[in-house]
Number of protein chains: 2
Amino acid sequence: MTADRRKFTREEPETRRADLIAAVLDLMAEAGPAETTVRAIADAAGLSPGMIRHHFTSKEDLVNAAYEAHMARQIADSERALGAGNARERLRRFVSASLTPPVVDPRAVSLWAAFLHMVRRDPAMRATHEATYLAYRDRLQGLIAAALAEAGRIAGRAELRRLAIACNAVIDGLWLEAGVLPEAFVAGEIETLGLVSVGALLGLDLAGGAA
Amino acid sequence: MTADRRKFTREEPETRRADLIAAVLDLMAEAGPAETTVRAIADAAGLSPGMIRHHFTSKEDLVNAAYEAHMARQIADSERALGAGNARERLRRFVSASLTPPVVDPRAVSLWAAFLHMVRRDPAMRATHEATYLAYRDRLQGLIAAALAEAGRIAGRAELRRLAIACNAVIDGLWLEAGVLPEAFVAGEIETLGLVSVGALLGLDLAGGAA
DNA sequence: CGGTGAATAATACGATTGTATAATTCACCG
DNA sequence: CGGTGAATTATACAATCGTATTATTCACCG
């Protein structure tokens with residue numbers, strides 16, 4: 001009874017890289033960084049451990065690639081639902097998309113936490129993080145400015161910045177709470193709460209009927 | 001030239017336990033969970049590695065104790081400034097304390113992230129986390145209810161719960177942003193923003209002069 | 001249709017991990 | 001003032017880590 005050898009199947013390098021990245025994100029989210037070993041990654045991807053250093057220069061390199069892929073997808077998910085419509089409606093959809101799956105997801109919060117310390121130390125990851133954060137806030141600030149202008153209100157630069165930070169904070173906070181204690185909220189509660197709260201911060205009615 | 005032996009100094013077990021806990025929190029916050037090894041902990045505490053398993057049953061036991069100590073201090077820091085005064089003023093001070101050091105601190109965010117995965121898996125840590133979170137939110141909800149009542153407004157249970165979740169979210173979000181990107185905000189900006197935002201969510205003026 | 005080489009698998013290796021055990025130190029007590 | 005034992009240090013050990021190396025597979029080409 002010899003240990004059976006893993007089947008040999010040739011695949012595109014891009015496919016292999018994508019599989020390894022997906023395995024890293026799965027493990028980071030579900031099991032945590034400590035359990036995300038090269039052997040666990042390879043096993044989750046259905047490959048031999050050697051593949052990691054064949055397709056990436058090191059485990060760290062693979063993890064960095066996984067972080068970039070995750071951040072890119074988070075941004076895409078937030079902006080996916082923007083579409084057309086007036087400014088209020090676009091802001092409404094942006095907030096909704098930020099407070100519903102797949103953006104709101106225990107996995108996403110887990111990943112955020114798992115990567116935080118690497119982001120703190122690795123300059124490249126830190127740059128990716130800051131760019132993503134500020135891009136999101138700028139996008140939000142632009143939508144807020146447009147919605148306020150549409151309602152006939154004007155806000156100075158400083159005031160706009162304050163509103164964007166506050167709205168971003170309430171969205172982040174709800175994202176966090178829903179991700180950490182998902183069973184503490186009923187379906188749609190976080191989204192509605194976000195629309196009402198952002199509306200209260202801005203003095204706009206976002207939760208009401210479509211414009 | 002022999003390696004010099006560490007000096008033998010007898011200390012109270014409580015002191016030793018406290019030193020080890022402090023070392024764990026330092027390392028978790030500064031270096032991350034991966035670098036928080038028994039040898040690094042002992043070195044940071046100025047002790048020999050064996051002390052960990054002498055004063056705690058395992059490294060995991062020590063880490064759990066450190067988590068509990070950290071959470072207890074966070075709660076104490078939030079409530080420290082409650083004091084006397086009318087309901088609005090008490091709410092104001094609670095929000096302020098939650099958005100100024102030592103509660104707002106890059107270290108605190110690092111610790112939160114470092115512990116998240118252990119909290120997810122370890123039932124005891126999870127219980128501590130949920131109890132702390134809900135205790136904080138209940139405390140906030142009580143202060144909100146009193147402040148609204150003082151202003152002659154009544155809110156039903158469901159409405160009160162929604163307000164508490166939303167106010168907690170904006171506080172959490174600001175806590176997070178200030179902790180992750182501390183250099184992105186000027187002194188006092190987060191605190192003022194929190195008071196204005198919570199006030200806007202509740203329809204109360206918190207940022208204005210004392211009652 | 002045998003040879004070649006990149007892709008894949010399997011194994012080996014040194015370093016580091018948490019834990020267990022043995023060796024020291026010294027306050028305290030009779 | 002010698003003996004005792006808990007506190008402390010130092011060392012040993014098996015397991016596991018990331019990496020390096022060797023062995024296989026098989027599509028492709030002449």
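Treat the numbers as computed from the prediction; the structure is a model and nothing was measured. Below, chains carry the letters A, B, ... as their sequence lines are ordered, and counting in each starts from 1.
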Do A/Glu177 side-chain atoms and B/Ala169 backbone N/O form a donor-acceptor pair below 3.5 Å?
-> yes

Please report the closest heavy-atom contact between B/Leu163 and B/Ile144, naming both atoms and the distance.
-> O-CD1, 4.1 Å

Base-pairing string, 5' to 3', of DNA chain D - Watson-Crick or wobble, under 3.5 Å, | interstrand = ||||||||||||||||||||||||||||||

Under 4.0 angstrom, heavy atoms only, what part of the nucleic acid is A/Arg6 near: base, sugar-phosphate, or nothing?
-> sugar-phosphate

Who are the ring-ring contact (aromatic ring centres under 6.0 Å, His included) partners of B/Tyr133, not counting sequence neighbours?
-> none

Quick one: salt bridge (charged side-chain N to carboxylate O under 4.0 Å, His left out) partners of B/Glu12, sequence neighbours excluded?
-> none

Note: for B/Ser58 and A/Leu47 on DNA chain C, the residue whose nearest nucleotide lies more 5' is A/Leu47

Contacts of A/Arg107 meeting salt bridge (charged side-chain N to carboxylate O under 4.0 Å, His left out) (sequence neighbours excluded), chain-then-number -> A/Asp26, A/Glu30

Answer with base, sugar-phosphate or nothing: what part of the nucleic acid does B/His55 contact at a heavy-atom distance below 4.0 Å?
-> sugar-phosphate

Does OP1 or OP2 of C/dA7 have a side-chain N or O of A/Arg16 closer than 4.0 Å?
-> no

May I ask you to list the residues of residues 21-42 of chain B, by number, that have any heavy atom positioned under 4.0 Å from an atom of DNA chain D?
-> B/Arg39

Would you say the side-chain atoms of A/Arg90 pair up with the backbone N or O of A/Gly83, donor to acceptor, closer than 3.5 Å?
-> yes

Should B/Val119 and A/Val180 count as side-chain neighbours, where that means a heavy-atom distance under 4.5 Å?
-> no

Electrostatic pair B/Arg17-B/Glu14, nearest N-O below 4.0 angstrom = no

Please report the shortest heavy-atom distance between A/Ser96 and A/Leu195, naming the atom on each side.
-> OG-CD1, 3.7 Å

Close approaches to DNA chain D from residues 61-68 of chain B, in residue order (heavy atom, under 4.0 Å) | none

Check whether any side-chain N or O of B/Arg10 sits under 4.0 Å from OP1 or OP2 of D/dA6, and answer yes or no.
-> no

